[in-house]
Amino acid sequence: MVKAESALATQKKYFDPKWLIMGVIIGFLVIFQVFPLLYLVVKSFFPQGSFSLSAFKRVYTYKMNWDALKTTLITASATMVFGIIIAFPLAWLVGRTNLIGKKFFRTLFVTTYMVPPYVGAMAWMRLLNPTVGTINVILMKIFHLESSPFNIYSIGGLIWVLTGFYFPYAFITISRAMEKMDPSLEEASRISGASPLKTLAKITLPLMLPSIVAAALLVFVTAGSCYGIPSIVGVPGQIHTVTTRIIDFVYIGTQEGLTDATTLAVFLMLIANIVLYVSTFPLAKKQFITVSGKSTRPNIVDLGRWRIPITLVVVIFAVIVVVIPFLTVATTSLTVNLGKPFSLENITMRYWERIFTRKAILSSAKNSVVSATLAATFGMVVTSMMAYLLVRTKAKGRKIPDFLITVGSGTPSVVIALALIMTMSGKFVINIYNTLSIMVIAYMIKYMLMGMRTVVSALSQISPSLEEAAQISGAGWFRRMKDVTFKLIAPSFVAGWFLIFMPCFYELTMSTLLYSTNTKTLGYELFTYQTYHSQQTASALATAILIMVIFVNWLLSRLTKGKFSV
Amino acid sequence: MANITIQNVHKAFGEVVVLEDFSAEFRDGEFVTLLGPSGCGKTTMLRMIAGFEKPTRGTIKIGDRVVTSPDTFVPPERRDIGMVFQSYAVWPHMTVYENVAYPLRIKRIDRDTIQQKVEAVLEIVHLAQYAKRIPSQLSGGQQQRVALARALVAEPQLLLLDEPLSNLDAKLRDSMRFEIKEIQKALGITVVFVTHDQIEAMTMSDRVVVIYKGIIQQVGKPSEIYRFPANQFVADFVGKINFLHAMIDGTKLLINGTDQSLAYRGPLSGSVVVGIRPENIRFDSKSNDLTGTLLSQFYLGDVNDCRIDIGGQVIRVIAEPSTFETHKEGDVVKLRVEEFTTFMDDSFDDHQKIIT
Ligand SMILES: Nc1ncnc2c1ncn2[C@@H]1O[C@H](COP(=O)(O)OP(=O)(O)OP(=O)(O)O)[C@@H](O)[C@H]1O
Ligand SMILES: [Mg+2]
């Protein structure tokens, strides 16, 4: 009896289901991400099947392309500089001083991170339009000016809107690092006789430098690969960026157009990924110095008699970058005639009615909900498994999926969409062009990183012995996941799900390239209304999206008991 | 049957060799302790028995069943083992009851039986009134007992314990030591216990396996390990000991650097190291074994801890407490050596000795 059992044990190979699932997921990443992006790169160097830089040469001999490139670099760099100049003091004030209402400000600036980029563009276009912009008109009246002082359709305008939208990226990165910094380092400086300001300059700032650099590069890359903002405030003034050029080329639709788009896209992708990759160096190396395991409360700097003036400055800033734009969009959605001032006779609910009744809008909204739900759900399945692979196994190459997901998210949206169009429209067996699937896949590639980060950090906080204890109790892999590991990471899983869902729900850039008559999305709908038909309808949609962002944020912090908000 | 056979197990993490050619046999119903300094590979060995690590080569059998060999690997969940983790690993999202019931649920045992068994085992670990609590409402010692209850509830034939007492205070540790031993005796199960605390090893084990640098140094009953250590490392790691370099001259051990000697009968010759435990040296005015000058003495209540210069070498003597009154520093004392061991002088580095 015992003999038989031992003989059986020798022969039986115990099958482990997790490797099968992981194999399938890695296959998915290879087919739908690695292959298209690689194809794009190869195609740009081998336009006619043999190596040639002619495509690059041709693209960059067009003055228009050079200008687009220059504009991109200028606007991204300026946004980066201004973004940091705003974000660092703000993060310090909110995190380390007795600023009045700092909790509120923190939530406010962090929430703007979740707002679709085009909302700011729509608002500022209304306010700073050279002929009818509200602020321009008011200023002209007050100061009896001949011509309007501001023109949003300029490089300056582009930088203004980009900064207002992207500084929260830097704010979040720097705030997190500041929270993690060991406060005793600052206390040591204070005890040595340095003033708070001197401590800020000599201790806090240098220690924060790695995260500031990382934040700066993040802003640079995201601003440089943004499409929503330049397409609304740049294009009317003939100001093109690389992203708007790429989309123009794709719309031209010719083979040459596609090749040119590819060449520009590869340039953008390489720059973006290299910059992001470089930015992880200083961070990874220096983290050990600044972060300590102790969760001591940071010491709070007393702003003294400056407390109220500084708070006022922050309030004014918040009014300018958050309140005014959002109010503008909200009031626009209620205005009958945009040429007239906002007054009682000029108010209507018809645009709101329209967005809830018009079939086209409703069906686009449905598409957005469906594709965002699918992307978030599949995205979380993929990232959970890959996070598990990374944190819990010793498999060779377990870091590769994490790397791929990082690269995917670092790749500009236009590039992802373009790569999928070129490879997934039947040229290589698979044809999912004009379907929701291609949209879902694009969303996943771009936004899975959010899910990955949350699950990885949750998993690494759970001791592996909790899972091993279930295993020694006799639980197989599925059972262990269900009873122990998944239960423990559930709040992070929910948070990750929403972090993927939200940006997919109002996504614009990739949808613009991937939509078909039956698969229009909310972002695309909003964009067409804004550019061609009715700014009021677009504003109503944008306001609805804003309300939803706030609601989801609230829901998320309820569901995860305050542990997460966006 | 839960005897464990470990044959030529070798384990390396990449380049780093952690265990070398480990072979041992643990008998059914035996309480075996793996003892060794930090980093010697105890946890690694235990995790290989459990199946959380795979050896680089070698075979492990539980009963007659090969669980690990070059072409077989039984995953941990199919090995029918109870284990208490060093970190307890009590699931924070389940109550005490749910934690303990889990292994039975996996076995699809009916509700009533589960309840009966869980209640019985919670009784054994004195946690019956805590069944509804969640782990964060328990003290460290209580959590540790939850882990123990969970390991025992399915009545495994083999129980693995990885330093389960290391985080407890001295008192709780004493009582848990006793309870684990009682449970083991009552259920007649095989226990493999990992510790670096020699007192724990001595008091609980049927046999002790002393490991150093991934190699088994000695296997034996606690008294054997203590009285007849196989080498200087074991002698030093288990208990306190004085090492003296000496030369063998016929039936005499001439202690280097002094003019004193001890009587010797045995197989060794030439240069040796003599190990004498401090408590095996007695003050005895009628003895001729050793003579020395009392350098210092510390009264500890139950013993008198002395340092004595025997003419060029200082040794430690743990004497009767009454000697503190009868002697004073500077006295010349006569000593009787009740027991000592000799080792070949293998140039064992003095700096590696654990100073006690
Ligand atoms: N996953 C791993 N990768 C590389 N080296 C490891 C790994 N796990 C253990 N080691 C090394 O193996 C050696 C033995 O480790 P092990 O955990 O078995 O020690 P131990 O005897 O249990 O020590 P302690 O008493 O401190 O718990 C150590 O030197 C350790 O650094
Ligand atoms: Mg250990």
Side-chain angles (χ1 to χ4, degrees), chain A residues 1-20 388 391-398 458-494 559-561 563, chain B residues 1 13-14 43 47 49-54 59 61-94 98-109 135 146-147 150-151 153-154 156 158-160 162:
Chain A
M1 180 59 207
V2 175
K3 275 265 164 61
E5 195 183 297
S6 87
L8 202 79
T10 342
Q11 285 154 18
K12 200 164 163 186
K13 283 277 174 244
Y14 292 92
F15 170 70
D16 196 339
K18 67 176 178 249
W19 299 118
L20 180 71
Y388 187 88
V391 180
R392 281 289 189 273
T393 72
K394 290 171 199 152
K396 275 214 180 78
R398 62 183 178 279
L459 262 188
S460 25
Q461 279 162 21
I462 300 170
S463 158
S465 64
L466 289 174
E467 199 184 319
E468 288 170 355
Q471 191 172 12
I472 208 82
S473 307
W477 187 77
F478 276 116
R479 192 73 201 259
R480 302 202 287 278
M481 290 301 108
K482 175 169 103 37
D483 291 346
V484 178
T485 313
F486 188 74
K487 287 259 166 61
L488 291 170
I489 64 163
S492 309
F493 189 91
V494 173
L559 282 180
T560 60
K561 302 198 177 73
K563 230 181 111 187
Chain B
M1 284 286 281
F13 291 106
T43 299
R47 289 172 61 80
I49 297 173
F52 293 124
E53 302 279 357
K54 285 185 195 176
T59 305
K61 286 202 278 185
I62 299 178
D64 289 323
R65 184 182 181 205
V66 177
V67 290
T68 301
S69 75
D71 41 38
T72 318
F73 181 76
V74 180
E77 64 266 33
R78 292 167 190 259
R79 292 192 179 196
D80 196 18
I81 293 176
M83 181 163 178
V84 175
F85 293 79
Q86 189 163 357
S87 56
Y88 311 150
V90 175
W91 298 304
H93 61 301
M94 298 184 193
E98 287 167 341
N99 262 284
V100 177
Y102 191 81
L104 301 177
R105 292 236 172 92
I106 296 290
K107 293 197 162 151
R108 299 180 190 287
I109 291 171
V146 175
R150 185 179 62 192
V153 75
L158 174 58
L159 183 61
L160 306 179
D162 190 355

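Every chain is numbered from 1, with letters handed out A, B, ... down the list of sequences. Just the heavy atoms: all of them, side chains too, but no hydrogens, waters or symmetry mates, feed the values below.
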(message) Show the nearest heavy-atom pair for residues B/I106 and A/A475, with the distance to one decimal.
(response) CD1-CB, 3.4 Å
(request) Indicate yes or no: does A/R479 engage B/E77 in a salt bridge with an N to O separation below 4.0 Å. (result) no
(message) A/F486: which residues meet the ring pair (Phe, Tyr, Trp, His ring centres under 6.0 Å) condition with it, sequence neighbours left out?
(response) A/F493
(message) Need one label for B/A50: side chain, backbone, both or neither, based on atoms under 4.5 Å from any heavy atom in chain A.
(response) both
(request) Write down the atom of A/S473, the atom of B/W91, and the distance for their closest heavy-atom approach. (result) OG-CH2, 4.1 Å
(message) What part of B/V90 gets within 4.5 angstrom of chain A, counting heavy atoms only: side chain, backbone, both, or neither?
(response) backbone
(request) Of all the heavy-atom pairs spanning B/P92 and A/L488, show the shortest one and how long it is. (result) CG-CD2, 3.6 Å
(message) To check you understand the geometry: which heavy-atom pair defines the closest contact between A/I472 and B/F85, and what is its length?
(response) CG2-CE1, 4.4 Å
(message) For a quick test of reading the model, state the closest non-hydrogen atom pair linking A/D483 to B/M94 and the distance between them.
(response) O-CE, 3.7 Å
